[in-house]
Amino acid sequence: MSGVTIDIHPVTPARRGDLLELFGHNGAYANCWCAWFLLTGREFDDATPAERRTVLLDRVDGGRVPGLLAYVDGEPIGWCAVGPRDDYRRMNTPRARTYAPLDDRPAWVINCFYIDRSHRRSGVATALLDAAVGFARTEGAERVEGYPIDPALTTTNAAGLYLGTRAMFEAAGFDLAAQRGKRPVMRLEL
């Protein structure tokens, strides 16, 4: 997005409407409402789209920042979920093999990007990743982890890149901390 200014802000109750506008009627990816990591597998499968939406919006309304929004000219164009690992129930279950903690040290995680179709492949996700690291740092995080896709190991469509790419995380200074099957686990010590 050469020459375009991307503004990034935490999702607070004042930005709730912008989050709803960006996610649209279908809740970003197939009515996920970015609740996939917030719930266990069973909870997510049993929840209706409206219930998933409520899970995310309850966090916003309760003053817990669930992520960041990117804007161009005042319009919301991108989202990045970021928060303490303990906030994400799916990552803290015995079945969480891919997303299981690497060790017992607390970490923040970046686990979802959603970019409006008209702004994909224009640097928005990279800007959000950088801002998410900065946000985690200001909130006291000592390390941040991500679970991106490695296109050299896995083929996927654009929606499948919701976790970001390994190259994007490497460019942001993350190191490969583990390889779980085809999924790299990236970590940045702050």
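From a predicted model like this one, the values you see are computed outputs, not experimental measurements.
The shortest heavy-atom contact between Leu68 and Pro10 is CD2-CA, 3.6 Å. Between Ile6 and Gly123 the shortest heavy-atom distance is CD1-O, 4.4 Å. Residues Thr98 and Val185 come closest through the heavy atom pair O-CG2, 4.1 Å. Smallest separation of non-hydrogen atoms from Val60 and Pro13: O-CG, 3.2 Å. Summarising the geometry of Leu188 relative to Ala172, their closest heavy-atom pair is CD2-O, 4.2 Å, with the distance given to 0.1 Å. Ile110 and Cys80 make their closest contact through CG2-SG, 3.6 Å (heavy atoms, listed as atom of the first residue, atom of the second, distance).
Residues forming a side chain to side chain donor-acceptor pair (under 3.5 Å) with Arg166 (at least two apart in sequence, or on another chain): Asp150, Glu170. Legend: residues meeting side chain to side chain donor-acceptor pair (under 3.5 Å) with Arg187, ordered by chain and number and at least two apart, are Asp103, Glu145. With sequence neighbours left out, the side chain to side chain donor-acceptor pair (under 3.5 Å) criterion links Asp87 to Arg59, Arg64.
The distance from the CG atom of Asp86 to the CE atom of Met91 is 11.5 Å, given to the nearest 0.5 Å. The SG atom of Cys34 sits 8.5 Å away from atom CG of Leu19, with the distance rounded to the nearest 0.5 Å. Atoms SG and OH, on Cys112 and Tyr29 in that order, are 6.0 Å from each other to the nearest 0.5 Å.
Here salt bridge (Lys or Arg N to Asp or Glu O under 4.0 Å) pairs that include residues 25-46, with residues two or more places apart or in two chains, are Glu43-Arg89. Counting only residues at least two apart or in different chains, ring-ring contact (aromatic ring centres under 6.0 Å, His included) contacts with residues 64-86 comprise His9-Tyr71, Phe23-Trp79.
Taking a 6.0 Å sphere around CD of Glu142, one finds it holds 12 or fewer heavy atoms contributed by other residues, nucleotides or ligands.
Residues Tyr147 and Arg180 have side chains that never bring a donor and an acceptor to within less than 3.5 angstrom of each other.
Separation of the Tyr88 and Tyr99 ring centroids does not fall under the 6.0 Å cut-off.
Leu69 places none of its side-chain heavy atoms less than 4.5 Å from the side chain of Tyr114. Two residues are said to be in side-chain contact when any heavy atoms from C-beta on lie closer than 4.5 Å; Glu75 and His119 fail this criterion. The shortest distance between side-chain heavy atoms of Leu161 and Met168 does not fall below 4.5 Å.
Under the side-chain contact (heavy atoms from CB on, under 4.5 Å) rule, Pro148 has a single partner from Phe174, Phe169, Phe113, which is Phe169.
A donor-acceptor pair under 3.5 Å is absent between the side-chain atoms of Arg16 and the main chain of Leu57, judged by distance alone. Arg52 places a side-chain N or O within donor-acceptor distance of the main-chain N or O of Phe44, the cut-off being under 3.5 Å. Panel note: side chain Arg85, backbone Ala107; no donor-acceptor pair is recorded below 3.5 Å. The backbone N or O of Pro106 lies less than 3.5 Å from a partner atom in the side chain of Arg143, making a donor-acceptor pair.
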For residues 125-139, tabulate all N or O donor-acceptor pairs below 3.5 Å that involve a side-chain atom, not counting sequence neighbours.
residue : atom : partner : partner atom : Å
Thr138  : OG1  : Phe135  : O            : 2.8

